[in-house]
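Quick notes on the structure that follows.
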There are 2 protein chains.
Amino acid sequence: MRPIVHPALETLSPEAILHALSDPERAAIFAEIAASECVERCSALSQAATREIPKSSLSQHFKVLREAGLIRSERVGVEMRNYSRGMEVNGRFPGLIPAILSAYGF
Amino acid sequence: MRPIVHPALETLSPEAILHALSDPERAAIFAEIAASECVERCSALSQAATREIPKSSLSQHFKVLREAGLIRSERVGVEMRNYSRGMEVNGRFPGLIPAILSAYGF
DNA sequence: TTCAATAGTTCCATATTCCTGAACTATGGG
DNA sequence: CCCATAGTTCAGGAATATGGAACTATTGAA
């Protein structure tokens, strides 16, 4: 199992962020994390997203969000905790995240 | 040749817009159109984008931008004129377009 | 320590989307 | 009518995404 990597703020790209959030499923997941701070367990999230998402797909979604720099994931025991990097990202790309979440109606 | 269709403002979706602009090439094209209003000819644009983009790809890019509701295209004689719908879109999704263009540095 | 349960990741085959050269269409001029 | 210009469409190969099955990591209990 390869270690979890979080890109540095300076290396984030608009295209990766837009790509990550251009999927409504991922946007919903991110909105959930950003709203609640520290969302535990994929299963909890999949319910939050109201759809039945296979866990492998969910895992991929988290990976895409993480690699875009939108979330930070850390393992706590057997589970994974995900935190929003929205504040940081907002420093680099002001207004981007809020505008996107608002466009989606989150 | 099927007629050019422009989606109504109410039918635009954030995901289509984010997807369209998650490609740096397309974002650059859109920024160019938004900045100059009425950019003529694909070839002119491809130069503007500084890269050599095949015209079939360029045509696809315009299609994606058009179907996302970001531009309006009209034929004038043998060529095509493209206008930004940024103002309209901004009414529907406030701040979205400016934040994206600014994130890209346009 | 070993075993089982839980949470998530990785692999891989399938499906979908993207890219682009080549052929085609549309328009205007000579 | 034919040619040139501007752009679109088609086709198939490349790249990505999806999701089931197998695997890994961690905890807790026997």
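Labels below follow one simple rule: chain letters A, B, ... track the order of the sequence lines, proteins then strands, and each chain is numbered from 1.
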Mind calculating the distance between [atom1] ([X]) and [atom2] ([N]) to the nearest angstrom?
{"X": "B:Ile4", "N": "C:dT27", "atom1": "CD1", "atom2": "P", "result": "10 Å"}
{"X": "A:Arg2", "N": "D:dT24", "atom1": "CZ", "atom2": "C1'", "result": "12 Å"}
{"X": "A:Phe62", "N": "C:dG8", "atom1": "CZ", "atom2": "C1'", "result": "10 Å"}
{"X": "A:Met1", "N": "D:dT24", "atom1": "CE", "atom2": "P", "result": "8 Å"}
{"X": "A:Lys63", "N": "C:dT10", "atom1": "NZ", "atom2": "P", "result": "7 Å"}
{"X": "B:Glu79", "N": "D:dG7", "atom1": "CD", "atom2": "C1'", "result": "11 Å"}
{"X": "A:Glu25", "N": "D:dT18", "atom1": "CD", "atom2": "P", "result": "9 Å"}
{"X": "A:Ile29", "N": "C:dG8", "atom1": "CD1", "atom2": "P", "result": "12 Å"}

Side chains of [X] and [Y]: does their closest heavy-atom pair fall under 4.5 Å?
{"X": "A:Glu67", "Y": "A:Val5", "value": "no"}
{"X": "A:Phe30", "Y": "A:Leu101", "value": "yes"}
{"X": "A:Leu70", "Y": "A:Ile33", "value": "no"}

Using side chain to side chain contact (heavy atoms under 4.5 Å, CB included) as the criterion, list what pairs up with A:Ser56, not counting sequence neighbours. A:Pro54

Under the rule for salt bridge (Lys or Arg N to Asp or Glu O under 4.0 Å), what residues qualify as partners of B:Arg72, not counting sequence neighbours? B:Glu74

Output the distance between atom CD (B:Gln60) and atom CG (B:Leu65), rounded to the nearest 0.5 Å. 11.5 Å

Would you list the atom pairs, donor with acceptor, under 3.5 Å between side chains in residues 12-22 of chain A and any protein atom, with sequence neighbours excluded?
residue	atom	partner	partner atom	Å
A:Ser13	OG	A:Ala16	N	3.2
A:Ser22	OG	A:His19	O	2.8

Those residues of residues 65-78 of chain B lying under 4.0 Å from DNA chain D by at least one heavy atom: B:Arg66, B:Val78

Pairs meeting criterion side chain to side chain donor-acceptor pair (under 3.5 Å) with involvement of residues 88-106 of chain B, two or more places apart: B:Arg85-B:Glu88

Can you sort out the partners of B:Ser73 under side-chain hydrogen bond (donor to acceptor under 3.5 Å, both in side chains), two or more places apart, ordered by chain and number? B:Arg66, B:Asn82

Could you list all N or O pairs between the protein and nucleotides 16-23 of chain C that sit under 3.5 Å apart?
residue	atom	partner	partner atom	Å
C:dC18	OP1	B:His19	NE2	2.8
C:dT20	OP2	B:Ser57	OG	3.2
C:dG21	N7	B:Ser56	OG	3.0
C:dG21	O6	B:Ser56	OG	3.3

